[in-house]
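In the text below, chain A, chain B and the rest are named by the order of the sequence lines, each starting its count at 1.
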Amino acid sequence: MKKISYIDLLKERNRLKTKFENSNKKVRKVGILSNIIVSQAKEIFEYYLGINDINSSIQVGNYDNVLQDSIRFAKSDVLCILFEISNLREGFSYKAELMDKQTMTELIKQTKNEILTIFNYLKSCSMVIWNMFSALPFRNSNIKQSKLEIICDELNLFVKENAPQNFVLFDTAKLYSRISVHNAVDWRYWYLSKSLYSIDFFCEYAQLVVPVFKRVFGKTKKALILDCDNTLWRGVIGEDGFNGIEMSSKSASGRIFEEIQTIITTIAEQGIIIGLVSKNNPQDIDNVINNHPDMIINNNHIVIKKVNWLDKTENIQTIAKELNIGLDSIVFIDDSDFEINLVKGILPEVEVIQVPEKLHNYPLLLRDYLPNFLIINETAEDKARVVMYKNEQKRKSERLAFNTIEEYLKSLELVLTVFTDNESYIPRMAQMTQKTNQFNLTTIRYSESQIKNFVADSQYSVIAINVKDKFGDSGITGLAIIRYETDFAEIDTLLMSCRILGRNIEKSFMDIIIDTMKRKGVNRITSKYVPTKKNIQTKNYYLLNGFEVKEKQNLQTTFELKIDNYSFNNLTYIKIEHGK
Amino acid sequence: MENRIKELMAVVFDIEINEITDNSSPLTISNWDSLRHMNLIVALEEEYNIEFDDTEAMDLKNYRKMIEMIEKKLT
């Protein structure tokens, strides 16, 4: 596929965006959910959809919140889900191998529950593209399956059996095989920012799923119009004669056309309109179609024929009229530069494919294009499979899926451990103030020595929380710094790492903070929200916790709360412990 | 070269080119997070046909260092 440099892609995407804004073209809502960082997909998707004349606004869900976000994103026009096996739990790609059998069984069961819950939330979404699990980036032995691979197989099977009908299953392994793992994965992204896929991966992925988007937005191809000489067979009927043209395995180049005719027959049987447009004597062409022993395509497959000496653009327009289909739903294949450029120039809506000079690439080229066709007739087998899956799905979803987010959170067995003024976590706490952007109310950056002073100073409380669930420990991932004044206390800093969001931990954390202040005899609390480009999600955090707005100044909002007015959340599914 | 690098940074960080100064770093540009940093690395590698290992990539976190490192790689 064509390669554009990343910088040119970004610029072109910006240009397209401005163009769309001025044209009032309908904006398509597209969501991308993942349990790893995939935000670089936004611009890349907008570019590839843009060059296909689809104006999209891509929204990327929160890190590792696939289940929680599937409610919020259910109204998307198209939703892509990249559930990455390697981050099923922190460090899972390498920890899986050492995991004991019971934990593993438990984790697989839990993941299946999560998947089913996602399926339930999204079964009415207009289109969901689900990436199948793949362990390929993690270089496994060729002769022995790793645990990671076994889990992938088991989960993929489960997905195939249970995915609702509006789901398209995208085979990620095929993408790896197209561009190689080496190009699809950038380990620097992985270790630096919990992102695994390279820019190349997203470019390839976007191009491969564009046909799905086209299908949703009614931009599919319905008809394939073909030239005959050197397009359906090797040779020119008018010159080489009935016995001189080749389209069978008797010769190497004939074999290529046998394959081409087979592919065309297959899509004809799936409901694609096949037409011929050829500059020839009609009797010659009819004779080949009716009588040539090597012809695979026959009159049952060919819906319309324009064999004459007229301009091909004229013939194509007539076909569009007669069949009552739009020019933009027609694909035209020809071997001649002249015809291809003519159609391109006069009927730009028609998609053209030129038979490649290197003939051996012809079947691949056609195969790559097939997803753009609207396949109407499913085979009986396909239909039976769908019914089978649906029954299976019903049976399993009754047994497994969570009914509510709370039920899901409960199953995680979350434990928060509170560390107040703890010296050993000073480096981690300083690091969090420097690195955390999204859930950070004031975004004040502190050095280790500053944090050290706060820990030692009785005018401050420094509260860190550790989060773990039954599958693993996320470590110290939340921090609050409280400063005590004579008649009130101020929440100077409040932040949480994005990897623990979506679990209602922020509610329990507020309980913990208020409780700490209560014990110190505080009556009145003030707090601030200082907006940045990243922390918009915390804008209403204090309001949701019962604080009132005291003052708004230079974008920053100051809140106040009388401590007795606070109602504790006391979430039953988050256990709170105090550490030493 | 410096102007071109500023242009790349502006496009990757989605900011105006005049927001970038000699002292620019993740502390002065809020869009310069670890992910966009890697995106910038990829853009620089493509532009100059060079490669950074992970320590170098980590080390490039201000504008001046970036210029120096690229000049060194190109000579």
Straight-line distance of A:Ser195 OG to B:Leu35 CG, nearest 0.5 Å
5.0 Å
Spacing of OH belonging to A:Tyr6 relative to CG belonging to B:Leu40, to within rounding of 0.5 Å
9.5 Å
Would a 4.5 Å heavy-atom cut-off, applied to side chains only, mark A:Ile7 and B:Arg4 as touching?
yes
How long is the span from the OG atom in A:Ser193 to the CZ atom in B:Arg36, to the nearest 0.5 Å?
11.5 Å
Please say whether more than 12 non-hydrogen atoms of neighbouring residues, nucleotides or ligands are located less than 6.0 Å from CE in B:Met58.
no
Evaluate the side-chain proximity of B:Asp14 to A:Glu43: yes if any heavy-atom separation is below 4.5 Å, no if none is.
no
Contact origin within A:Leu192 toward chain B - heavy atom pairs under 4.5 Å:
both
Should we say atom NZ of B:Lys61 is surrounded by more than 12 heavy atoms from elsewhere, each under 6.0 Å from it?
yes
Verify the neighbour count for atom CG of B:Asp53: are there more than 12 heavy atoms of other residues, nucleotides or ligands below 6.0 Å?
yes
For a 4.5 angstrom cut-off between non-hydrogen side-chain atoms, does B:Val42 reach A:Tyr189?
yes
Distance, nearest 0.5 Å, that separates CD of B:Glu46 from CG of A:Leu9
9.5 Å
In terms of heavy-atom pairs under 4.5 Å with chain A, which of B:Val11, B:Asn39, B:Asp54 leads?
B:Asn39
Could you tell me the separation between the NZ atom of A:Lys194 and the OG atom of B:Ser34, rounded to the nearest 0.5 Å?
11.0 Å
To the nearest 0.5 Å, tell me how far B:Ile41 CD1 sits from A:Ile199 CD1.
12.0 Å
Residue pair A:Lys533 / B:Ile15, side-chain heavy-atom distance below 4.5 Å
yes
Any salt bridge between A:Arg188 and B:Glu51, counting N to O under 4.0 Å?
no
